[in-house]
Amino acid sequence: MSASVPPSPGLRFALLVLVTLTCAPDTATMAAAGELPAISSRQRAEKKSFTDGEIVDGFLKTAFGAEYHLAGRVDRIRKFDGPVRVYAESDRADRKTQLAKVVADIGKRVQHLDIAMIETNEAANVRVKLVRDRDLFRTISSFYGAEKAREIRSSLDPQCLSGFRKNDNFEIEHSDVILTVDNGDFTFFDCAYEELLQSLGPINDTTSVPWTMFNDNVSMGYFDVYDQYILNLLYDPRIKAGMTVAEVKAVLPAVLKDVRTWVKRVNDLKE
């Protein structure tokens with residue numbers, strides 16, 4: 001999660017840590033990953049047609065709750081309320097370039113999300129720390145302390161992780177992502193998409209939805225159609241930070257109609 005300074009006691013945090021298996025990115029972003037067979041095969045088999053109920057079910061299960069959190073309520077919508085600027089901390093130029101293409105792909109596919117890379121840390125509200133696998137536990141410890149790091153490792157054994165700090169209005173103020181750079185391209189891209197997307201708000205993993213990357217049993221490595229529905233619902237202006245489940249359900253039918261139109265167009269879907 002955190003590539004920044006350790007959290008202060010007065011701040012509320014929601015922490016998501018997830019185990020990432022192997023995979024790589026979407027064919028629309030092959031420039032980022034190169035020709036990776038695992039990506040091509042997953043995309044050929046990808047389910048792209050969903051009922052309203054299937055989309056809403058996954059959205060509610062990932063946008064509310066948290067697989068692992070440190071403090072604060074998790075029964076409200078959490079999202080950025082403004083531009084998202086991503087800074088990468090690493091001496092690996094190749095991984096930074098790949099990350100920039102992942103960020104650009106996310107920005108292309110989420111209609112109301114203004115997200116882009118930035119060159120300076122001071123202006124960033126998402127900080128991505130790229131580390132060697134052997135340094136992962138030490139990095140987690142530097143942010144959360146040794147005791148919390150041991151708890152994270154024993155319960156989740158992550159290869160990458162993300163989390164965010166939110167204010168009293170449930171607006172995300174800052175997100176942190178830790179990615180490993182030396183576990184292969186599949187793992188890097190799978191982690192990069194999954195953690196960046198979850199750092200934007202949908203941090204609850206669920207094993208009951210088989211089409212989302214926010215499922216510990218699923219590896220994507222690219223921004224799949226189902227998760228585009230989830231992120232576009234979350235960042236529609238009518239879905240506001242701090243909303244309850246009941247409040248969200250009241251506006252979802254109208255929002256989903258517009259989101260379907262957008263996702264169909266940006267993916268050139270024929271349905």
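Note: hydrogens, waters and symmetry copies are ignored here, and every other heavy atom, side chains too, is used.
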> Which heavy-atom pair separates M243 from V248 by the least distance, and what is that distance?
Replying inline: CB-CG2, 3.7 Å
>> Closer than 3.5 angstrom, by distance alone: can the side chain of D81 be matched with the main-chain N or O of F170 as a donor-acceptor pair?
In response: no
> What heavy-atom pair brings R42 and Y222 nearest, and what distance separates the two atoms?
Replying inline: O-OH, 3.6 Å
> Do you know the tightest heavy-atom contact between G58 and V209?
Replying inline: CA-CG2, 4.0 Å
> Does a side-chain heavy-atom distance below 4.5 Å link Y226 with K47?
Replying inline: no
>> What verdict does the salt bridge (Lys or Arg N to Asp or Glu O under 4.0 Å) test give for R92 and D182, after you've listed the backbone C-alpha separation in whole Å, the side-chain angles of each residue and the deciding distance to 0.1 Å?
In response: CA-CA 10 Å; R92 284 281 300 266; D182 54 355; over 6 Å; no
>> Any heavy-atom pair between the side chains of L234 and F59 that's under 4.5 Å?
In response: yes
> Does any donor atom in the side chain of E171 or N167 lie under 3.5 Å from an acceptor atom in the other side chain?
Replying inline: yes
> Does atom NZ of K249 have more than 12 heavy-atom neighbours from other groups under 6.0 Å away?
Replying inline: no
> S199 and S175: which non-hydrogen atoms are nearest, and at how many Å?
Replying inline: O-OG, 2.6 Å
> How close do K96 and S90 get, heavy atom to heavy atom, and via which atoms?
Replying inline: CD-O, 3.6 Å
>> Donor-acceptor pair, distance only, cut-off 3.5 Å: does the side chain of K129 make one with the backbone of D176?
In response: no
> Does the side chain to side chain contact (heavy atoms under 4.5 Å, CB included) test come out yes or no for T212 and V218, once each step is laid out?
Replying inline: CA-CA 7 Å; T212 178; V218 175; over 6 Å; no
>> To the closest 0.5 Å, what do you measure between SG (C191) and CE (M213)?
In response: 11.5 Å
>> Counting C-beta onward and ignoring hydrogens, is there a side-chain heavy-atom pair between L196 and L99 closer than 4.5 Å?
In response: yes
> Just wondering, do V128 and E89 contact through their side chains at under 4.5 Å, heavy atoms?
Replying inline: no
>> Working to the nearest 0.5 angstrom, can you tell me the gap between I55 CD1 and Y229 OH?
In response: 4.5 Å
> Going through the distances and angles, do M220 and D190 end up as a side chain to side chain contact (heavy atoms under 4.5 Å, CB included)?
Replying inline: CA-CA 6 Å; M220 293 290 188; D190 198 40; 4.3 Å; yes
>> Run the salt bridge (Lys or Arg N to Asp or Glu O under 4.0 Å) test against D57 and tell me which residues pass, sequence neighbours left out.
In response: K61
> Name the one of V259, I77, N232 that satisfies side chain to side chain contact (heavy atoms under 4.5 Å, CB included) with I239?
Replying inline: I77
> Is the closest side-chain heavy-atom distance between D185 and Q98 below 4.5 Å?
Replying inline: yes
> Does a salt bridge link D114 with R85, judged by any charged N lying under 4.0 Å from a carboxylate O?
Replying inline: yes
> Is there a donor-acceptor contact under 3.5 Å from the side chain of N125 to the main chain of H174?
Replying inline: no
> Under 3.5 Å, is there a donor-acceptor pair between the side chain of K48 and the main chain of V225?
Replying inline: no
> Hey, does the Lys NZ or Arg CZ of R95 hover above the aromatic six-ring of F188, less than 6.0 Å from the centre and inside 45° of the axis?
Replying inline: yes
> Looking at residues at least two apart in the chain, or sitting in another chain, which of them share a side chain to side chain donor-acceptor pair (under 3.5 Å) with N121?
Replying inline: R127
> Is the CZ atom of R138 crowded by more than 12 outside heavy atoms at less than 6.0 Å?
Replying inline: no
>> Could you walk me through whether I115 and F80 satisfy the side chain to side chain contact (heavy atoms under 4.5 Å, CB included) test, starting with their C-alpha distance in whole Å, then the side-chain angles of each, then the deciding distance to 0.1 Å, before giving a yes or no?
In response: CA-CA 10 Å; I115 184 171; F80 281 98; over 6 Å; no
> Taking R78 for the side chain and A241 for the main chain, is one N or O donor matched with an acceptor at less than 3.5 Å?
Replying inline: no
> Rounded to the nearest 0.5 Å, how far apart are CD1 of I172 and CD1 of I203?
Replying inline: 8.0 Å
>> Would a single hydrophobic cluster contain both L130 and Y87, if residues Ile, Leu, Val, Met, Phe, Trp and Tyr are joined by side-chain heavy-atom contacts under 4.5 Å?
In response: no
> Is any side-chain heavy atom of F223 less than 4.5 Å from a side-chain heavy atom of K108?
Replying inline: no
> Rounded to the nearest 0.5 Å, how far does CG of L233 lie from CG of L252?
Replying inline: 6.0 Å
> Is a side-chain N or O of Y193 found less than 3.5 angstrom from the main chain of D224, in a donor-acceptor match?
Replying inline: no
> At what distance, to the nearest 0.5 angstrom, does OH of Y235 lie from NZ of K79?
Replying inline: 6.5 Å
> Does any non-hydrogen side-chain atom of L200 lie less than 4.5 Å from one of V110?
Replying inline: no
> Is there a path of hydrophobic side-chain contacts, each under 4.5 Å between heavy atoms of I, L, V, M, F, W or Y residues, that connects V126 with I118?
Replying inline: no
> Rounded to the nearest 0.5 Å, what separation is found between the CD atom of Q228 and the CG atom of D105?
Replying inline: 7.5 Å
> Are D168 and K166 close enough for a salt bridge, meaning some N to O gap below 4.0 Å?
Replying inline: no
>> Could you walk me through whether D227 and I230 satisfy the side chain to side chain contact (heavy atoms under 4.5 Å, CB included) test, starting with their C-alpha distance in whole Å, then the side-chain angles of each, then the deciding distance to 0.1 Å, before giving a yes or no?
In response: CA-CA 5 Å; D227 289 317; I230 290 177; 3.6 Å; yes
>> Check whether W262 reaches the backbone of R109 with its side chain - one donor and one acceptor, N or O, closer than 3.5 Å.
In response: yes
>> Testing the basics here: between V251 and R238, what is the closest heavy-atom pair and its distance to 0.1 Å?
In response: CG2-O, 4.0 Å
